[in-house]
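Heads up: the structure comes next, in C-alpha cells.
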Amino acid sequence: MAILNILHFPDDRLRTKAKPVTAVTDKHRTLISNMLETMYDAPGIGLAATQVNVHERILVVDISEEKNEPLALINPEIIEKDGDQEFDEGCLSVPGIYETIHRAEKILVKALNREGEAIEMHAEGLLAVCIQHEMDHLDGKLFVDYLSQLKKHRIRKKLEKQQKNAM
C-alpha cells in the first residue's frame, strides 16, 4: 500500500467531475486500499478519489473511533434524502478550516462495493454527512462552495499563503 498525495484547495484538479467506474478491477481495489491508508494517515474520516487526482467515482469513509470499519463506495448515488442537519465540516483538501454546513440528516445510497457488487445502505448523522461531502468531491464541489464568496476568498488566500510559506 502507499500514501497518496492529497490535492489542496484551490487546485483546479479538485474541480474535475469524476467518471463512473465501468468495471471494478484489481487496480480499483488497490486504489481503495491506498486511499484508506492515505485517509488514516492524514488523519481523516473520508476521502474521494478526486482528492488524490484520480477522476473516477470512488470514495472511502471510516467514522469509527478505532478506524476499523472502512467503507468503499464505487459509483455512489443518493436515492433518498430526509431531514436537515448542521455539521461542522473540515476537509483534507482544505486543511485547518472548519465551517458549519447544512446536509441531509438521513440518506439512502446505492453503489458498488470493492468487489463490484451492488449494495444499498441507509446512513444518518456523521456517516450521512461524510458520504455527502465525499460525493460532492466526485462532482468537483468542495464544502467551501456552500460558504459566502467573502469566506471562500479568505480561505483561498489563507491556504495560498500557507502553501507559499511551506515551500
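One is the number of the first residue; the rest follow in order along the sequence. Note: hydrogens, waters and symmetry copies are ignored here, and every other heavy atom, side chains too, is used.
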### Message
Apply side-chain contact (heavy atoms from CB on, under 4.5 Å) to residues Leu142 and Arg15 and explain how you reach the verdict.
### Response
CA-CA 8 Å; Leu142 287 91; Arg15 300 303 185 175; 3.3 Å; yes
> Do Glu134 and Gln51 come close enough that some side-chain heavy atom pair is under 4.5 Å?
Replying inline: yes
Discussion item. Within the 4.5 Å heavy-atom criterion, are Leu7 and Thr50 side-chain neighbours or not?
Written reply: no
Original post:
Quick one: does Glu99's side chain have a donor or acceptor within less than 3.5 Å of a partner on Phe143's backbone?
Top reply: no
Check step by step if side-chain contact (heavy atoms from CB on, under 4.5 Å) holds for Glu105 and Asp82. CA-CA 6 Å; Glu105 183 179 6; Asp82 187 40; over 6 Å; no
Do Glu56 and His28 pair up side chain to side chain, a donor and an acceptor below 3.5 Å, judged on atom types alone? yes
_Would you say that Leu147 contacts Ile155 through its side chain, given a criterion of any heavy-atom pair below 4.5 Å between the two side chains?_
yes
Is it true that a side-chain atom of Gln85 and a backbone atom of Gly125 form a donor plus acceptor pair closer than 3.5 Å? yes
CG of Leu14 to CZ of Phe9, rounded to nearest 0.5 Å, is 9.0 Å
Check: Does some side-chain heavy atom of Val21 sit less than 4.5 Å from a side-chain heavy atom of Leu112?
Finding: no
Item to complete: Report yes if some heavy atom in the side chain of Leu4 is under 4.5 Å from a heavy atom in the side chain of Leu31; otherwise report no.
Response: yes
- Item | Salt bridge Arg13-Asp11, side-chain N to carboxylate O under 4.0 Å | yes
**Asked** Heavy atoms, side chains only, cut-off 4.5 Å: are Ile101 and His133 in contact?
**Response** no
Could you check whether Glu86 and Thr100, counting side-chain N and O atoms only, form a donor-acceptor pair closer than 3.5 Å?
no
Nearest heavy-atom approach of His137 to Ala48 is CB-CB, 3.5 Å
Arg29/Asp26 ion pair, N-O < 4.0 Å: yes
Query - Heavy-atom check, side chain of Leu138 versus side chain of Pro76, under 4.5 Å - result: yes
Checking Asn113, Leu73, Ile107 against Met121 for side-chain contact (heavy atoms from CB on, under 4.5 Å), the one that qualifies is Leu73
Item to complete: Check whether any side-chain heavy atom of Ile97 lies under 4.5 Å from a side-chain heavy atom of Cys91, and answer yes or no.
Response: no
The reported gap from NZ in Lys161 to NZ in Lys157 (rounded to nearest 0.5 angstrom) is 12.0 Å
